[in-house]
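Below you'll find the structure, written out as structure tokens, and then a few comments.
The basis for the numbers below is simple: all heavy atoms, side chains too, and nothing from hydrogens, waters or symmetry mates. Just so it is clear: chains get the letters A, B, ... in the order the sequence lines come, proteins before strands, and each one is counted from 1.
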Amino acid sequence: MSKYEELVAELAPREFKRTGVIWTVALVVVVVVGIAAYIDQIIQGQVVTNMRDYVLWGVYISNFVFFVAISFVGSLTAAVLRLTKKAWRTPLVRIAEIIAFAAILMAGITIILDMGRPDRLLNLFIHGRLQSPITWDVIIITTYIAISVLILFIPLLPDLAILKDRFKDQPFLAKLYKFFSLNWSGTQQQWFLQSKSIQMVAILIIPVAFVLQTVDAWLFSTTFRIGWDSTNFGPYFIAGAFVVGTGALITITYVLRKSYKLEKYITELHFDKLGKLLAFACLIYLYFNINEYLLPAFTAPKAETLHLNELFFGHYAPLFWFVTVGGLIIPVLTLIFPKGRKPLPLFLIAILVVVTSWWKRYLIVVPALLHPFLPIQGVPEQWHSYFPSMHEWAIISGTLAAALLIITILVRYLPIIPIYRTAKEQGILENENTEQS
Amino acid sequence: MKDKKNNSRRSFLDKGLKIGLATVAGGVIAAKVLGESDEGEMVELMSTDGTLIQVPVSEVEEVPETSDYNVREGYANRKFVMVVDLAKCRNALKCQESCNKNHYITGDNAWLKVYKMQEEKDTAPYWMPMMCQHCDQPACVTVCPVDATFKRKDGIVSIDNERCIGCRFCMAACPYSTRVFNWSEPNQEFLMNDANHMAEHSPDHLGHPSIKGTVDKCDFCPHMIDQGEMPHCVTSCPNDVFSFGDKYEDVVTNGSGESVKLSKLLEDRAGYRYMESLGTQPSVFYLPPVERSDAFEDGLEHYKEFESVTKPTAP
């Protein structure tokens, strides 16, 4: 077996072993439970949630923001690393692009789960008004989904052609790979078009990703609400997305490296680089957090003080400090040391970052709704607070499992690490259709 | 109400809208069209300056009875406003009761609430009725992605519940917390034992019926205006807290039927709008709670912290 064949064998998609199958089945079960809960929500109405007229957005919206945030760095890192031609990116970009695609797709679905009348979804297009931030969101999310597909798909072409040949004995799979490889044969013309397209999409995705996060922030800051009505929100959301996106990338990279034994390709150097990136992201986010909380606390208008007291010392204080210390302080303090950037500690920190990021979105959405301008009066006592109902947890778990399922399926059938590119970088290409770009 | 109807200039309901208008050559407005349109027959009409003139019937064209009333545009040349006199409010809650009943509210959050207000320990407490402020710069309308909530020319902010997608952005945007959501099937049928109980939803009468998964709120009662009446809260208040009227006419009328000049009332009583600083420009004015005849504490008798809708029970 030549070096090239060996490489293809190691990087080509492999059938799941027992763990993989159990994992997939478990995800499917969680998704099915989520779908069942959602059907019940459709039948009974959103009375099955714990949202009410004051906390009118809950965990669906915070989960939506979480997905949107994850989708950011997945593809931004990919695009920036591509454009800056950093060689160490090679084994990471595709994972990042897969995460971005799964996250933005689930973000689009999650926002629909929050709608009181999903049956009227088309009204957004029939009666859509450009002045509404929701319309901006619809436009930018669909655009981002399209670009995420392109930036995942176009670089895949040479690999799909390789896989088409490798899976000759599995006609169905070979057919699929052949179909999606778009007759890739590695001609000069094809290489030219491909590299041009990648370049274009990689440039395009950067402003689109920034707009996506910003519009997402504007869903909140275009209102009068205390805690949302902030000019800091756009960059605050971008920085937060940078953090959680990097965290998700590290987590999933670590798991794939372990389960596919990719230590040869994804080395400690990669984790070191990702660790530095995460520390950098956390520092930027910390800066925006200080802006977001310290200035209102300093001038202390009455309504702001009430809101901040609730976060700093009140009902939400344990969660707030968990999110702030666990999601920002601890990662920075750990990751400044080289030992903290070794795969395992970095993996643990990344999990902490992803979990705290999820709760961070919850803290952005919910407490602000509990401090309207007028006092909360004349409504049942339960309406004075909010914690997700079983239906909401089931549905949210379903969306998270669905995102992981999308990633799992893509990982099962696509080469996680670009085969062609890796072979080229190692100088072991056999097929002499050399790149001309 | 009687005086008002006699006074055509200040008639609360602009009857002129309802009467078929006829135009003739020369720009004369016809009040009535007599007889068939025989050749040569003359008809007597009153011109706008009040003089009687003769016009050939053949020149007279009848405009169909159906006025071009558009529910999204509202009444032409009207601008509805409300004045809430906080000095008179003693939390009798008749307004809320009547509003709940006439909008068939079955949820837990009334469209009209009387807040127990006290900004700080050292400032005076007072009762403040709060309903949709029908802002001229409505935050809810700005953010609605599908034009389901809209601003009419007559000042009313209403909702098309047949179009609303239930995103609740309007509720997040409203600084007055006056919007409510139909979290479940409203089940109002047993309340609507009139012939219209399965009536098509109309932005002219929100809550009749309410629709699951959509937003509701105070509609300023166009269905009452249409009958020449005033909103339910105005007429049901025993203390004449509410006055309702037309800004263009510069007149508001309270529940007892007393009409006053709006601009003078606001000037004399230092009227203001709630949270003017937000720039929403509400159509509801408040008169400060000064020189009250009743003690604030008297209102506590009816105050319920956790209830604003007495649940109607099915028979």
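Contact annotation for B:Lys212: both backbone and side-chain heavy atoms come within less than 4.5 Å of a heavy atom of chain A. Proximity to chain A (any heavy atom under 4.5 Å) is shown, for B:Gln118, by neither the backbone nor the side chain. With a threshold of 4.5 angstrom between heavy atoms, A:Gln46 approaches chain B through its backbone and through its side chain. Proximity to chain A involves both the backbone and the side chain of B:Val141, based on heavy atoms less than 4.5 angstrom apart. At a 4.5 Å heavy-atom cutoff, the contact between A:Ile42 and chain B is made by backbone atoms alone. With a 4.5 angstrom heavy-atom cutoff, A:Trp136 does not touch chain B via any of its atoms. Contact annotation for B:Asn161: only backbone heavy atoms (N, CA, C, O) come within less than 4.5 Å of a heavy atom of chain A. Contact annotation for A:Leu219: both backbone and side-chain heavy atoms come within less than 4.5 Å of a heavy atom of chain B. If you measure heavy-atom distances from A:Ile226 to chain B, you find no contacts under 4.5 Å at all.
Ranked by heavy-atom pairs under 4.5 Å with chain A, the first of B:Pro145, B:Ala173, B:Ala110 is B:Pro145. If you tally non-hydrogen atom pairs under 4.5 Å between each of B:Phe181, B:Trp183, B:Tyr303, B:Phe169 and chain A, the highest count goes to B:Trp183. The candidate with the highest count of non-hydrogen atom pairs below 4.5 Å against chain B, out of A:Gln131, A:Gln377, A:Gln44, A:Glu381, is A:Gln377. Counting heavy-atom pairs closer than 4.5 Å to chain B, the top-ranked of the candidates A:Ile134, A:Thr49, A:Leu56, A:Thr223 is A:Leu56. Heavy-atom pairs under 4.5 Å with chain B peak, among A:Ser132, A:Pro133, A:Gly45, at A:Ser132. Most heavy-atom pairs under 4.5 Å with chain A: of the set B:Met117, B:Met128, B:Lys116, this distinction falls to B:Lys116. Among B:Ala139, B:Cys144, B:Cys167, B:Ser177, the residue making the largest number of heavy-atom pairs under 4.5 Å with chain A is B:Cys144.
Classification of A:Arg52 and B:Asp108 as a salt-bridged pair fails, no side-chain N sitting under 4.0 Å from a carboxylate O. Under the 4.0 Å criterion applied to side-chain N and carboxylate O atoms, B:Asp136 and B:Lys151 are assigned as salt-bridge partners. We find that B:Glu120 and A:Lys302 are joined by a salt bridge, their nearest charged nitrogen and carboxylate oxygen being less than 4.0 Å apart. We find that B:Asp147 and A:Arg129 are joined by a salt bridge, their nearest charged nitrogen and carboxylate oxygen being less than 4.0 Å apart. Using a cutoff of 4.0 Å between basic side-chain nitrogens and carboxylate oxygens, B:Glu73 and B:Arg152 are not scored as salt-bridged.
No side-chain heavy atom of A:Val59 sits less than 4.5 Å from a side-chain heavy atom of A:Phe64. Side-chain contact between A:Arg117 and A:Asn123: absent, with no pair of heavy atoms (C-beta onward) separated by less than 4.5 Å. With a 4.5 Å cut-off on side-chain heavy atoms, B:His302 and B:Lys94 do not count as touching.
The distance between the ring centers of A:Phe224 and A:Phe373 does not fall below 6.0 angstrom.
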Candidate pair A:His384 and A:Tyr54, rule ring pair (Phe, Tyr, Trp, His ring centres under 6.0 Å), full reasoning: CA-CA 8 Å; A:His384 291 239; A:Tyr54 284 94; 7.4 Å; no
